[in-house]
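In what follows, a structure is listed as structure tokens, so that the remarks can point back to it.
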Amino acid sequence: MWYMAKQIHTTYHIPHTTYLPVHIQLLQTHEEQNLYHAWLEGHMEGSLWQSKEWRTFQEALGREVRLYTALIDDQIVASALVIIDRTRG
């Protein structure tokens with residue numbers, strides 16, 4: 001997967017109009033999740049909605065939760081905490 005970097009709100013500097021390979025990863029191990037949470041806590045835009053606590057709360061409600069990161073040069077540059085809600089209401 002290729003991504004054209006223009007403006008990304010991270011601490012990782014990407015030169016303007018540079019094509020870089022982006023690796024999307026589903027976090028499955030505790031080590032991967034711990035690295036993500038350390039990154040999130042140090043990120044200026046980190047929030048409850050992407051946190052370990054939010055994940056735990058959603059799982060307690062019976063929802064499936066997946067955590068993905070985008071990596072450039074083995075550094076996290078973006079993330080998505082995906083909540084799969086199968087309830088009908």
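As a basis for the values below, the full set of heavy atoms in this structure was taken, side chains included, without hydrogen atoms, waters or symmetry mates.
Looking at every heavy atom in both residues, Ala70 comes nearest to Val22 through CB-CG1, 3.8 Å. Taking both residues in full, the closest heavy atoms of Gln25 and Leu71 are given as OE1-CD1, 2.9 Å, listed atom of the first, atom of the second, then distance. In this structure, Ile83 and Arg63 approach most closely via the heavy-atom pair CG2-CD, 3.7 Å. Of all heavy-atom pairs between Leu48 and Ser51, the closest is O-OG, 2.7 Å.
To the nearest 0.5 Å, the span separating CG on Leu61 from OG1 on Thr56 amounts to 11.0 Å. Rounding to the nearest 0.5 Å gives a distance of 9.0 Å between OH of Tyr36 and OG1 of Thr69. Separating the CG atom in Leu67 from the NE2 atom in His37 is a distance of 6.0 Å, to the nearest 0.5 Å.
Met44 and Leu35 are members of different hydrophobic clusters when ILVMFWY side chains are connected at heavy-atom separations under 4.5 Å. Under a hydrophobic clustering in which Ile, Leu, Val, Met, Phe, Trp and Tyr are joined whenever their side-chain heavy atoms come within less than 4.5 Å, directly or via other members, Leu27 and Phe57 fall into the same cluster.
We find that Glu59 and Arg55 are joined by a salt bridge, their nearest charged nitrogen and carboxylate oxygen being less than 4.0 Å apart. Ion pairing between Arg66 and Glu64 holds under the 4.0 Å rule for side-chain N and carboxylate O.
Without hydrogens or angle criteria, Gln50 side chain to Leu81 main chain gives a donor-acceptor distance under 3.5 Å. The backbone N or O of Ala38 lies less than 3.5 Å from no partner atom in the side chain of Glu41, so there is not a single donor-acceptor pair. Side-chain atoms of Gln58 do not come within 3.5 Å of backbone N or O of Trp54 as any donor-acceptor pair.
Put simply, the side chain of Tyr68 reaches to within 4.5 Å of the side chain of Val82, judged on heavy atoms. For the pair Glu31 and Asn34, the minimum side-chain heavy-atom distance is 4.5 Å or more.
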